[in-house]
Structures are given as C-alpha cells and as structure tokens.
Number of protein chains: 2
Amino acid sequence: MSRIPNQKAYHGVLEQIRIFIHKNLLKPGDKLPSERELAETLGMGRSSVREALRALELLGIIETRKGEGTFLGSYRPFQTVEILASFILGNNSTKDDIIATRKLIEKEAAKLAIGKLEDKDIIQFKKIIHDLNNNPKQMHIDFFSLLLNKTENELLLIIWQLMMEFSQTFDNELYESQFYQQLVHLYTKEDYSLIENLFMKQLFS
Amino acid sequence: MSRIPNQKAYHGVLEQIRIFIHKNLLKPGDKLPSERELAETLGMGRSSVREALRALELLGIIETRKGEGTFLGSYRPFQTVEILASFILGNNSTKDDIIATRKLIEKEAAKLAIGKLEDKDIIQFKKIIHDLNNNPKQMHIDFFSLLLNKTENELLLIIWQLMMEFSQTFDNELYESQFYQQLVHLYTKEDYSLIENLFMKQLFS
DNA sequence: TGCCCCTAGTGGTCTGACCACTTATAATCC
DNA sequence: GGATTATAAGTGGTCAGACCACTAGGGGCA
C-alpha cells in the first residue's frame, strides 16, 4: 500500500473502500469496518480515513450511525446532483434559466407520462385541480409531483424539485388555471398530439 | 451559530461555505478563507472543517493547492467520476434515468437553439463533425457543448455536463453518425419542424 | 425468567503538533 | 540601485491522542 507522493491520502482510502466492498460483495445495509480498524489496516491516521468517509457519506454512498458503525448505502447520484445544485443555483444561474429549465422539464414530463397513466391517476389529477384548500402554487406542485412520479424517471423528479425549491422566492410564473384541466382532458381523450402545443401556448403567453 | 444537537458539524460548515460564496459573489478561481480561519470563524475544530472541504473537493466544487489555499472550482467533478461510477454499476434503473435525462436535454437544446445560430456556428458544427481526430464520443461532447452554449441557458448546460460525466463510464448510447449532419442540415435549411422527429427516430432505433 | 446496569465499541469532535509547499518579505551581494 | 538569495509567515496534508455521546450486548440481580 505504498502511496504515490502527490496523491492525497484520502484518495487511497476511497480506493481501498471500493475494493473492500467489491471483494466482500457488500450489499446496501452491510457493515463496513470501523474507522479505527480501517485506519490501522491502511496504515494511516484516523482523520484521513474520516475525510474519505465523510465525503462518501455526503454523496450518499455510505451511512453512518453513531454508536453503531458505518454501513453501505444504496448509492444513487441524486444526492450528488442535489449538493451540486445547492452550490450552483442562485450563484451562476439566472432566474430566467431556472424558470425555463423548470418549464422544460414539466413539458417533457407531460409527454413522457403518455401511456403510463391509469384511470385512477386521472381521477387523482382532477382531485388536485379542484382542491380548493390549495393555493395555485401548491396545486401546481401537487399536480406536477404526481406527473413526474408517473414518468418513472426519479432523476428528473429530483431536478424538477430542485428547480421548484430554488424558484420559490421569485417565481410566480405558473400556468393559467384552465391549463391543468386542458392537459388532463387531453390525457382523457388520449389525444397526445396537442400536448406540445398546449405548453407552447403557455410559454409564450 | 448554535448547532442543533443531532446535526453533524460539517453540515454546518457546508452551509456556511455556501453562504460565504454567495454573499461575496465568488467566481470560480476565487480564494476561500484558510482552513484555520474558517475553523475559528465558525467556532469549530479544523478537522471538522476539513471533512467538509474534502467532500466539496471530491465534488469538484472547490480546489485545494498545498501551500497556496483553497479556491472555488468550476463544478466539474472530474476526479470523482470513476469512483462514483463504480458504485452506480449494477443499478440499471439509475443508469436509465441518467441516459434518458441526458437525451431529453439534448433534444430540447436542439429546439431552443433555433433562431440563435449564426452562419459561423453552422460552420463550427460542420468542423466538429468532420474532425477526424475526434472519436465519436468526443465529437458528441463537442457538438452538444456548442449547442448547449447557444441556448444561452447556462443551467441547462451544467446539468447536461453532469449527466455526461456520469454516463461517460457506461453509456455508449450516442446517435448514428449521420444524425449530426442531418441536424445541422435542418438548421441550414431553417426547417425546424423536423427536429423533434429526427430525435425521436434516434431514441427508438 | 425478566429486568437493569455496566462496559466495550463506535462515530463525532477538538487540540496540538509536525511536515511539505508557496509566497512575500527582508537581507545580501554585485 | 537592482538582482539575487535567505528567511519567515501562511497554507494545506497528516497524524496521534484525548474526550464525548451513543448503541448494543452481556452479566448480574431480583
């Protein structure tokens, strides 16, 4: 385990953990060696090991529970996207970019949902639209949350949620109230050719 | 700066750094406070600060140079990709999400670029396509980097780059070689109605 | 048998120390 | 005075040791 001089220690730890996981065929939920044990095995300080573990934890690759140990998590890049977004959004990005991207996702999600909606989903959509307890913004969130879920693309859902979250403070650019009904109506009639048009009308209104 | 008991210290550091960046309008390349300074300012140990910084470094959000300091990076998690990818492997639904989202952005970018391309851009596209030094993957990256740039939606560009980074290691689902030429051809003829069709043909081939 | 307490092990955090490296300053030399 | 060279200060990289808070399991007690 000789280290290349200019290589940082925690990179080595990362690599070793990766090897350990694969060699022992660890599955999500399985336990990893303790920090002290890892440090001794790899011949480096505990703090260096911790730096690597913290990084992996932030990315959702591992989970740590105080008093218990370190466990392999079920890694998905979504957490990574989320962290990156929190540093990127609001800094480099303009309001316009966020809104445009949000609408783009909504439009595409509407098309992706084609053929994946059952009758009970349609009913659910109508219920959301007519729920008078919700203000327009909440209605919008409920509506597209359901729609995004139906696309079965979890990543897209996460990105959309991030856009919504970061646009909370300034974005009131929702759609006209009848838009949602019209969209549901198109699903009901199974007339999918007009979905794009429906969105376009909203985007340039 | 009182901390909620069950909240780990480095999460606080993460948040503070994020605020610092936004408050001071730091751009990539700008310098952050030193580790010791951060530790004192935030009232916590240097090791906790380091754990947060290492995580951010792994994500490419910051860069550290020994003897110089810590600098804001350009959000490109290059160093990370191989490590992360090795954890993604085997999770097919996640891979599918990444690929689908990537292609979705490419399709929409192609439509967003309508009306924003000048003659010199067209020439540039053709140059990229016919550059024999590039392998197909590099050509694809160059092609859509330029296209995404032309959409003038920086956020969309960043998301796309992230998808590309992740999918680099496992995704060979590019488009047929004549696809790129056909797309440029449509721009040349200013025949935009067929862009969607062109992509759809690729997606289901 | 069932309960409780204690202990060993674990992650969470801090401190202080030393190293290697970079930069800016000061001293030196011509 | 100007150029070169030593020096000092500052920075990230790493380690060791010490506590703390928490968890789980075992041993003892009723």
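A note on names: the letters A, B, ... follow the listed sequences, proteins ahead of strands, and every chain is numbered from 1. What you see is a predicted model, and the numbers here were worked out from it, not measured in a lab.
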Which pairs would a plain distance check flag for residues 50-60 of chain A, meaning a side-chain donor or acceptor within less than 3.5 Å of a matching protein atom at least two apart in sequence or in another chain?
unit_1	atom_1	unit_2	atom_2	d
A/Arg50	NE	B/Glu51	OE2	2.7
A/Arg50	NH1	A/Glu35	OE1	3.2
A/Arg50	NH1	A/Glu35	OE2	2.8
A/Arg50	NH2	B/Glu51	OE1	3.3
A/Arg50	NH2	B/Glu51	OE2	3.3
A/Glu51	OE1	B/Arg50	NH2	3.3
A/Glu51	OE2	B/Arg50	NE	2.7
A/Glu51	OE2	B/Arg50	NH2	3.3
A/Arg54	NH1	A/Glu57	OE1	2.8
A/Arg54	NH2	A/Glu35	OE2	3.0
A/Glu57	OE1	B/Lys8	NZ	3.4
A/Glu57	OE1	B/Tyr10	OH	2.9
A/Glu57	OE2	A/Thr64	OG1	2.7
A/Glu57	OE2	B/Lys8	NZ	2.2

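Counting heavy atoms from C-beta outward, B/Asp142 and B/Gln138 have side chains that approach closer than 4.5 Å. For the pair A/Val13 and A/Met44, the minimum side-chain heavy-atom distance is below 4.5 Å. Between B/Leu117 and B/Lys150, some side-chain heavy-atom pair lies under the 4.5 Å cut-off.
Comment: B/Glu40 does not engage B/Arg46 in a salt bridge, judged by the lack of any side-chain N to carboxylate O separation of less than 4.0 angstrom.
The residue B/Ser47 sits close to a base: some heavy atom pair falls under 4.0 Å. Using a 4.0 Å heavy-atom criterion, one finds that B/Gly45 contacts the sugar-phosphate atoms exclusively. Residue contacts for A/Arg50: at a heavy-atom cut-off of 4.0 Å it reaches a base atom on one of the strands shown.
OP1 or OP2 of D/dG12 has at least one side-chain nitrogen or oxygen of B/Thr70 nearer than 4.0 Å.
The residue among B/Glu68 and A/Thr64 whose nearest nucleotide of DNA chain C lies closer to the 5′ end is A/Thr64. Mapping A/Gly67 and B/Leu53 onto DNA chain D by nearest heavy atom places B/Leu53 closer to the 5' end of the strand.
Ranking D/dT14, D/dG12, C/dT13 by closeness to the A/Arg46 side chain, first place goes to C/dT13. Ranking D/dT14, C/dT13, D/dA21 by closeness to the B/Ser48 side chain, first place goes to C/dT13. Of the candidates C/dT13, D/dA24, D/dG12, the closest approach to any side-chain atom of B/Glu35 belongs to D/dG12.
The base of D/dG12 sits with one of its N or O atoms less than 3.5 Å from a complementary donor or acceptor on the side chain of B/Arg36. Within 3.5 Å, no donor on the side chain of B/Arg54 pairs with an acceptor on the base of D/dG13, nor the reverse.
Between A/Lys31 atom NZ and D/dA24 atom C1' the separation is 11 Å, expressed in whole Å. Nucleotide C/dG11 holds its C1' atom 10 Å from the CD atom of A/Glu57, rounded to whole Å. A straight line from CD of B/Glu40 to P of C/dC14 spans 13 Å, rounded to a whole angstrom. Rounded to an integer number of Å, the gap from B/Lys66 NZ to C/dC21 C1' is 6 Å. Atom CG in A/Leu42 sits about 13 Å away from atom P in D/dT14, given to the nearest Å. In this structure, A/Arg65 atom CZ and C/dG9 atom P are separated by 20 Å, rounded to whole Å. Regarding A/Leu38, its CG atom lies at a distance of 13 Å from the P atom of C/dG12, rounded to whole Å. In this structure, CZ of B/Phe71 is placed 13 Å from C1' of C/dC21, rounded to the nearest angstrom.
One end of the helix from C/dT1-D/dA30 to C/dC30-D/dG1 points its axis 20° away from the other end's axis, with each axis taken from 5 pairs and the angle rounded to 10°.
With sequence neighbours excluded, the residues that form a side-chain hydrogen bond (donor to acceptor under 3.5 Å, both in side chains) with A/Gln178 are A/Glu176.
Ring geometry for B/Phe143 versus B/Phe125: interplanar angle of 30 to 60°, hence tilted. The aromatic rings of B/Trp160 and B/Phe144 sit tilted, their planes meeting at an angle between 30° and 60°.
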